[in-house]
K.L.:
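Please read through the structure below; I'll follow up with questions.
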There are 2 protein chains.
Amino acid sequence: MNAISDEIKEDYNFISDSLVDIYDQIMRIEESEIKKSRFKDITAKELHLVHTIGLHDHKTTSEVARILRLSKGTLTANLNNLERKGYISRIINQRDRRIINLALTSKGRLLYRAHYAFHRKLVEQCLKGFDGSDIKKMKQALMNVEDFIGEVSGR
Amino acid sequence: MNAISDEIKEDYNFISDSLVDIYDQIMRIEESEIKKSRFKDITAKELHLVHTIGLHDHKTTSEVARILRLSKGTLTANLNNLERKGYISRIINQRDRRIINLALTSKGRLLYRAHYAFHRKLVEQCLKGFDGSDIKKMKQALMNVEDFIGEVSGR
DNA sequence: CCATATTAGTTTGAATATCAAACTATTCTG
DNA sequence: CAGAATAGTTTGATATTCAAACTAATATGG
């Protein structure tokens, strides 16, 4: 156990401990930022759902439920709220009228873009002063995590 | 708008999009991994609480509630469950008998260590092939995020 | 000292979120 | 075309959360 490996070990612990709490804090900040804007009636969970529908435009209810790992019943309840508040719309698929495709309304798209901009600001702050090769490393780290997730969850 | 800044922009978008979903997946995996072990009666939220109590040994109920941003009532309910399942114990502070200090039981410590090991495995996988200076960069990125969180939430 | 204020944690009651299973409407299939 | 399969909703039960009322213990200051 030499000095270098001890230092790396310590770095690993620092990174591990940091990661645990950061996400919770980000969720909380996202919600509180959004509540300062014109979108005061949106919770962090609803924001997450709006983000997912914006990212995966016109997907079906079942597909979105699978992506978010929510039961269909739970998603129906959430969609009712977001539809009532004017952020999403249900579009009956005319080829197969059992299917409902989900889309953002223009209000929903405004929220989506505001949220996306916040995320971008966070990433920019995070990578402040990093050069191209540093950024490549960050991408690599994220891809490694995705691989790990894929392996553990059996793909 | 030259080629390099376009590429960086794309990298930023990649990183931003990746981050959104990774945490949810990690939470889910943590819960499913823990359910494969001897700790089948633990949810992701309870795991988070055990982690916090393990990290901040013998803190008071109010302090833990503040750390996790839970109301005291909610924390009481969660503590009841974890105490019943044998993961934590409430220790009445003899200097001030209003105060309850929270600690892990030996079963709780086993769970804490298993969970911590999983996190370490994740970080190791994430930083696979990285050298000392790369790891420093990762630490810097995390500290930048923490700064950003601090600024936005007004410290 | 003691009456009052303060503090730590619990209980309570209401609101919300979630799930699985039953159900409805529609489409597919043999 | 009858029955199976599929997409989404409804329903009933359970769990989570919060704020406010409450209990017990300690601090304060007259």
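Sequence lines set the chain letters: A, B, ... in the order given, protein chains first and strands last, and positions in each chain run from 1.
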K.L.:
Which is true for B:Ser62 with a 4.0 Å heavy-atom rule: it touches a base, it touches only sugar-phosphate, or it touches nothing?
P.N.:
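Sugar-phosphate, no base atom in range.
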K.L.:
Which sits closer to the 5' end of DNA chain C, B:Glu63 or A:Asn78, going by the nucleotide each is nearest to?
P.N.:
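Whichever sits nearer the 5' end wins; that is B:Glu63.
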K.L.:
Is the distance between the ring centroids of A:Phe148 and B:Phe118 less than 6.0 Å?
P.N.:
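Centroid distance A:Phe148-B:Phe118: below 6.0 Å, so yes.
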K.L.:
Picking from D:dA19, C:dT11, C:dT27, which would you name as closest to the side chain of B:Thr76?
P.N.:
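The closest nucleotide is C:dT11.
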K.L.:
B:Ile99 has an atom CD1; how far is it from atom P of C:dT6, in whole Å?
P.N.:
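One finds 18 Å between P of C:dT6 and CD1 of B:Ile99, rounded.
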K.L.:
Write down the distance between CD1 (A:Ile100) and P (C:dT26), rounded to a whole number of angstrom.
P.N.:
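In whole Å, C:dT26 P lies 11 Å from A:Ile100 CD1.
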K.L.:
For a side-chain hydrogen bond (donor to acceptor under 3.5 Å, both in side chains) check, start with the C-alpha distance between B:His119 and B:Glu30, then their side-chain angles and the critical distance, and finish with the verdict.
P.N.:
CA-CA 9 Å; B:His119 267 277; B:Glu30 282 187 344; 2.6 Å; yes
K.L.:
According to a strict under-4.0 Å criterion, is B:Lys72 in side-chain N/O contact with OP1 or OP2 of C:dT11?
P.N.:
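So the side chain of B:Lys72 is outside the cut-off, no N or O lying under 4.0 Å from OP1 or OP2 of C:dT11.
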K.L.:
D:dT9 C1' sits how many Å from A:Leu70 CG, rounded?
P.N.:
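Atom CG in A:Leu70 sits about 15 Å away from atom C1' in D:dT9.
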K.L.:
Indicate whether OP1 or OP2 belonging to C:dC19 is found under 4.0 Å from a side-chain N or O atom of A:Thr74.
P.N.:
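So the side chain of A:Thr74 is within the cut-off, an N or O lying under 4.0 Å from OP1 or OP2 of C:dC19.
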K.L.:
Starting at CG of A:Asn101 and ending at C1' of D:dA7, how long is that distance when rounded to a whole Å?
P.N.:
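In whole Å, D:dA7 C1' lies 11 Å from A:Asn101 CG.
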K.L.:
Going by the side chain to side chain donor-acceptor pair (under 3.5 Å) test, name the single residue among A:Asn101, A:Thr76, A:Asn80 that passes it with A:Arg90.
P.N.:
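Testing A:Arg90 for a side chain to side chain donor-acceptor pair (under 3.5 Å) against A:Asn101, A:Thr76, A:Asn80 leaves exactly one candidate, A:Asn80.
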K.L.:
Output the rounded distance in Å from CZ (A:Arg90) to C1' (C:dA25).
P.N.:
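Whole-Å distance recorded here is 15 Å.
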K.L.:
Is a donor on one side and an acceptor on the other found under 3.5 Å between the side chain of B:Lys107 and the backbone of B:Lys85?
P.N.:
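Yes; at least one donor-acceptor contact below 3.5 Å.
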K.L.:
Quick check on C:dT10: is either OP1 or OP2 less than 4.0 Å from any side-chain nitrogen or oxygen of B:Arg98?
P.N.:
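Answer no for this pair, as no side-chain N or O of B:Arg98 is under 4.0 Å from OP1 or OP2.
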K.L.:
Can you measure A:Leu75 atom CG to D:dT11 atom C1' for me and round it to whole angstrom units?
P.N.:
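Whole-Å distance recorded here is 17 Å.
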K.L.:
Hey, which sits more toward the 5' end of DNA chain C by its nearest nucleotide, B:Thr60 or A:Ala77?
P.N.:
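Going by which nucleotide is closer to the 5' end, it is B:Thr60.
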K.L.:
Report the nucleotide, chosen from D:dT16, D:dC18, C:dT11, that has the shortest atom-to-atom distance to any side-chain atom of B:Asn80.
P.N.:
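Selected nucleotide (nearest to the side chain): C:dT11.
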K.L.:
May I have the distance from A:Asn81 (atom CG) to C:dA17 (atom P), rounded to whole angstrom?
P.N.:
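In whole Å, C:dA17 P and A:Asn81 CG are 6 Å from each other.
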K.L.:
Base, sugar-phosphate, or nothing: which does A:Thr61 touch, judged by heavy atoms less than 4.0 Å apart?
P.N.:
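It contacts sugar-phosphate atoms only.
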K.L.:
Quick one: does A:Arg97 reach the base of C:dT26 with a side-chain donor-acceptor pair under 3.5 Å?
P.N.:
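Donor-acceptor pair under 3.5 Å: no.
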K.L.:
Donor-acceptor pair, B:Asp134 side chain versus B:Asp131 backbone, under 3.5 Å?
P.N.:
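Flag set: sc B:Asp134 to bb B:Asp131 pair under 3.5 Å.
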K.L.:
Can you tell me how far P of C:dG9 sits from CD of B:Glu83, to the nearest Å?
P.N.:
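After rounding, the gap between these two atoms is 13 Å.
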